J.: 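If you scroll down you'll find the structure; I have some questions about it.
All of these numbers come straight from a predicted model, not from anything done at the bench.
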Amino acid sequence: MPKLPEGTVDTMTLDQKLDLLISLAGDDHDGAGGRDRVLPPRLRHTRDVGALRPLNIRDLRVPGKGQVSLLRILMTNACSFNCHYCPMRRDRDMPRTLLKPAELVRIFMEAYHRGWCSGLFITTGIPGRPVKVMDDLIAVLELLRNREGFRGYVHVKMVPGGQPAQIERLTALASRVSLNLEAPCGQSLAQIAPEKSLDTALTSLHTARRLVRITQAERRDGRPADPLRPGGASGMTMQFVVGATPDTDRTLIGKVTELYGAGGIHHAHFSAFRPIRETPMENVPETPVLREQRLYQADYLLRQYGFGADEVVYDDKGNLPLGNDPKTTWALSHPERFPIEVKTASYEELVRVPGIGPGSAKRIVAERATAVLRGLADLRKLGVVTTRAAGFLTLNGKRLQSVMWSEQMGFWGPEDDAGKYHLTYGVSPGTFR
């Protein structure tokens, strides 16, 4: 499984790459390393299931590491649960696929050696008992770490209900572990997934998180990292389906904040509800993707900008206003805090200005100690989005813009669904998150 020779241009399309990789799961009849592999029946419909096909390669930008490519693998789209919103629900008529652990490893290692990816993300349906599914996930990780000696990034989405020993083993071998919570409270989860229990999911999350915290504490104390036993040190993630239940953004952010408080969680994922054909919720309106984006922005304020959960501003229904991002909404709600003086404001004050992020706030503090800031052009060079920030700032006591914020007026606001056509979909955008 050699890499392409140095300087060779890879002309294969993504679909060609994925077709080649899935062919490796077949039986090799001519002994020539895969030129005549025959796919088993459980994999012969991989091209028929749209975005639920088992493989996906995605490029991600990771702070401090640049561009990273992950091979994302759905081990199976078969599931014994019948969640009302899910494209993989038990009663939905669709082709089912299943990759066995050894096949999954073979596919990933081929992609890795060809330079198509640098890490792996594994997710799965639950086609039987959670304990059996966890055994299969562990088998994949053991083959990768122990047989293949793979020392890179592996993110595994575990399933709720695994045994403590399974969770411990999975967490020990993974770089990051994630879990679908789906809803922030058990009562609302029962409305869309009556066979699932939020308490069961939270028990699994707390078990894995305790192990992640132990590993992270050992790293801080100077214990060398073991790339073959990373212990989930990259932190956990958790996922919520937004809009499938009546839960408000205030409830979601409250739950996320509560879970962050005990440590071990890196970040939350939010997936806007999308009505899936041939499910009980196919006639429910889809959730605006902008609502998902606003939740991510509010979550980022909590994790990176020093905001408290009680500072997030909601509308009278308990949701984040869609018209402005959460930081702008907060700033406009506190006119007494602005404008602030660029030359003397603290980092904590600067980072709360719309258009100024943590990096640009740090650069302003560093630059003004040794240089003279003369105007908007200098701020732009430091990374400030001056079209957003200018109205909240003064420089040498002079306002940089006469109004704090101006909006482009349109016929409809982002909350207005007037005339919107109801779409149904075959898959969910959250499948590979």
J.: Whether the side chain of Thr171 engages the backbone of Ile167 through a donor-acceptor N/O pair (distance < 3.5 Å, no angle test) should be reported.
T.: yes
J.: Look at the side chain of Thr237 and the backbone N and O of Ala268, then say whether any donor-acceptor pair between them is shorter than 3.5 Å.
T.: no
J.: Taking all non-hydrogen atoms of both residues into account, name the closest pair between Ala262 and Arg213 and its distance.
T.: O-NH1, 3.0 Å
J.: State which residue, out of Leu211, Val177, Leu259, fulfils the side-chain contact (heavy atoms from CB on, under 4.5 Å) condition with Met236.
T.: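 So, applying the side-chain contact (heavy atoms from CB on, under 4.5 Å) to Met236 and each of Leu211, Val177, Leu259, only Val177 qualifies.
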J.: Taking side-chain contact (heavy atoms from CB on, under 4.5 Å) as the test, write out the residues that go with Gln293, two or more places apart.
T.: Leu290, Gln297
J.: Does CD in Gln187 sit with more than 12 non-hydrogen atoms of other residues, nucleotides or ligands closer than 6.0 Å?
T.: no
J.: Keeping the roles fixed (side chain from Asn396, backbone from Lys343), state whether a donor-acceptor pair exists under 3.5 Å.
T.: no
J.: Give me the one residue out of Leu295, Asn319, Leu320 that meets side-chain contact (heavy atoms from CB on, under 4.5 Å) with Leu252.
T.: Leu295
J.: Is there a donor-acceptor contact under 3.5 Å from the side chain of Arg58 to the main chain of Leu70?
T.: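 Not at all, since once roles are kept as given, no pair shorter than 3.5 Å links the two residues.
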J.: Among all residues two or more places apart in sequence or in another chain, which pass the ring pair (Phe, Tyr, Trp, His ring centres under 6.0 Å) test with Tyr305?
T.: Tyr300
J.: What residues form a salt bridge (Lys or Arg N to Asp or Glu O under 4.0 Å) with Asp199, not counting sequence neighbours?
T.: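 In terms of salt bridge (Lys or Arg N to Asp or Glu O under 4.0 Å), with neighbours along the sequence ignored, Asp199 is linked to no residue.
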J.: For the side chain of Arg151 and the backbone of Leu228, is there at least one donor-acceptor N/O pair under 3.5 Å apart?
T.: no
J.: If only atom types and distance count, is the side chain of Thr123 paired as donor or acceptor with the main-chain N or O of Leu74 below 3.5 Å?
T.: no
J.: Just do the side chain to side chain donor-acceptor pair (under 3.5 Å) check on Glu182 and Tyr85 with the steps written out, would you?
T.: CA-CA 11 Å; Glu182 300 175 78; Tyr85 69 93; 2.2 Å; yes
J.: Could you list the residues that satisfy salt bridge (Lys or Arg N to Asp or Glu O under 4.0 Å) with Glu311, not counting sequence neighbours?
T.: Arg352
J.: Glu103 side chain to Leu24 main-chain N or O, any donor-acceptor pair under 3.5 Å?
T.: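 No, because the side chain of Glu103 does not come within donor-acceptor range (under 3.5 Å) of the backbone of Leu24.
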J.: Give me the atom names and distance for the closest heavy-atom approach of Pro321 to Val313.
T.: CD-O, 3.5 Å
J.: Got a sec, which residues hit salt bridge (Lys or Arg N to Asp or Glu O under 4.0 Å) with Arg374, two or more places apart in sequence or on another chain?
T.: Asp378
J.: For Pro339, give me all partners under side-chain contact (heavy atoms from CB on, under 4.5 Å), at least two apart in sequence or on another chain.
T.: Thr394, Arg399
J.: Evaluate side-chain contact (heavy atoms from CB on, under 4.5 Å) for Met134 paired with Val159, printing each intermediate quantity in order.
T.: CA-CA 7 Å; Met134 287 287 283; Val159 299; 3.7 Å; yes
J.: Sequence neighbours left out, what pairs pass salt bridge (Lys or Arg N to Asp or Glu O under 4.0 Å) with at least one residue falling in residues 261-270?
T.: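 Matches after skipping sequence neighbours: none remain.
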J.: Could you name each residue pair satisfying ring pair (Phe, Tyr, Trp, His ring centres under 6.0 Å) that touches residues 348-372, not counting sequence neighbours?
T.: none
J.: Using the salt bridge (Lys or Arg N to Asp or Glu O under 4.0 Å) rule, collect all pairs that involve residues 299-310, keeping only residues at least two apart or in two chains.
T.: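 Of all non-adjacent pairs touching residues 299-310, those that pass salt bridge (Lys or Arg N to Asp or Glu O under 4.0 Å) are Asp299-Arg303.
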J.: Quick check against the 3.5 Å criterion: does Gln216 have a side-chain atom that pairs as donor or acceptor with the backbone of Ala233?
T.: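 Checked: pair present.
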J.: Counting only N and O atoms by type, is there a donor-acceptor contact under 3.5 Å from the side chain of Ser175 to the main-chain atoms of Val154?
T.: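 Side chain of Ser175 to backbone of Val154: a pair is present.
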J.: Among residues at least two apart in sequence or on other chains, which ones pass salt bridge (Lys or Arg N to Asp or Glu O under 4.0 Å) with Arg147?
T.: none
J.: Mind checking side-chain contact (heavy atoms from CB on, under 4.5 Å) for Arg229 and listing every partner two or more places apart, or none if nothing turns up?
T.: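 Scan of Arg229 (side-chain contact (heavy atoms from CB on, under 4.5 Å), adjacent residues dropped) gives Arg145, Asn146, Arg169, Leu173, Asp226.
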J.: I'd like to know if the side chain of Thr287 and the backbone of Val242 have a donor-acceptor N/O pair within less than 3.5 Å.
T.: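 The answer is yes, because a donor-acceptor pair under 3.5 Å joins these two groups.
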J.: Going by side-chain contact (heavy atoms from CB on, under 4.5 Å), name the residues that satisfy it together with Phe338, two or more places apart in sequence or in a different chain.
T.: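 In terms of side-chain contact (heavy atoms from CB on, under 4.5 Å), with neighbours along the sequence ignored, Phe338 is linked to Trp330, Ala331, Ile340, Val353, Phe392, Met404.
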